Amino acid sequence: NVIVFPSCTASHRNFLHFFHPDTPWEVSLTPTPHTAPVTGLRFDGKGTLLCVIDAHSKISIWQMQGHIINDWQLVQVTDQSDCSCLSVDTQPVICYSWTN
């Protein structure tokens, strides 16, 4: 089991905090590319991918590295200037789910 929660500093810098409930003193603080408050977090079925969505509908996908709960790598992020498959054209994200 992994617990994750977002935080935002006064300068609008967003972080993800990862920890295991058996070792809550070992918190991993990971900076995110999000500038708006994070509004959604969802793990995939295996718990190795994490989808993060913010108030501006920016989506980022994170992947656990080597089954280590405090080592996450950003693998994809939306960009309003990019027409990638993750683009949501600044429309609000109201629902999302993993399909695997």
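All values below were derived from every heavy atom in this structure, side-chain atoms included, with hydrogens, water molecules and symmetry-related copies excluded. Computed from a prediction, not measured in an experiment: that's the story for all the values here.
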Checklist entry - Sub-3.5 Å donor-acceptor pair from the side chain of T78 to the main-chain atoms of I59, do we have one? => result yes
Item to check | Residues S7, H17; criterion side-chain hydrogen bond (donor to acceptor under 3.5 Å, both in side chains); working and verdict | outcome: CA-CA 8 Å; S7 68; H17 304 259; 2.7 Å; yes
Next on the checklist: Can a donor-acceptor pair be found, under 3.5 Å and without considering hydrogens, that links the side chain of H20 to the backbone of D22?
Outcome noted: yes
Checklist entry - Would you say D54 and P37 make side-chain contact, with heavy atoms under 4.5 Å? => result no
Next on the checklist: Is it the case that the side chain of D44 and the backbone of L50 share a donor-acceptor pair, with hydrogens and angles ignored and the cut-off at 3.5 Å?
Outcome noted: no
Item to check | Check: I61 and V52 side chains under 4.5 Å, non-hydrogen atoms | outcome: no
Next on the checklist: Nearest 0.5 Å, please: how far is CZ in F19 from CZ in F5?
Outcome noted: 6.0 Å
Item to check | Any donor-acceptor N/O pair, T23 side chain to W25 backbone, under 3.5 Å | outcome: no
Checklist entry - Is it the case that one hydrophobic cluster holds both V4 and V27, taking links as side-chain heavy atoms less than 4.5 Å apart, direct or via other members? => result no
Item to check | Distance in Å, S60 OG paired with L16 CG, rounded so as to fall on 0.5 Å steps | outcome: 7.0 Å
Item to check | Any L49 side-chain heavy atom under 4.5 Å of F43 side chain | outcome: no
Checklist entry - Would you say N14's side chain and T32's backbone share a donor-acceptor pair under 3.5 angstrom? => result no
Checklist entry - Would you call the rings of W72 and F18 parallel, tilted or perpendicular if under 30° counts as parallel and over 60° as perpendicular? => result parallel
Checklist entry - So, does K58 use its side chain to make a donor-acceptor pair with the main chain of V38 at under 3.5 Å? => result no
Checklist entry - For H56 and A36, which heavy atoms make the closest approach, and how far apart are they? => result ND1-CB, 3.4 Å
Checklist entry - Can you find a pair of side-chain heavy atoms, one from R13 and one from C8, that are under 4.5 Å apart? => result no
Checklist entry - Are L29 and I3 in one and the same hydrophobic cluster, where Ile, Leu, Val, Met, Phe, Trp and Tyr link if side-chain heavy atoms are under 4.5 Å apart? => result no
Checklist entry - Can you get from I53 to F15 by hopping between Ile, Leu, Val, Met, Phe, Trp and Tyr side chains that sit under 4.5 Å apart? => result no
Item to check | Where W62 and P31 come nearest, the two heavy atoms and their spacing | outcome: CH2-O, 3.3 Å
Item to check | Worked verdict on Q73 versus Q63 for side-chain hydrogen bond (donor to acceptor under 3.5 Å, both in side chains) | outcome: CA-CA 5 Å; Q73 178 181 2; Q63 183 173 31; over 6 Å; no
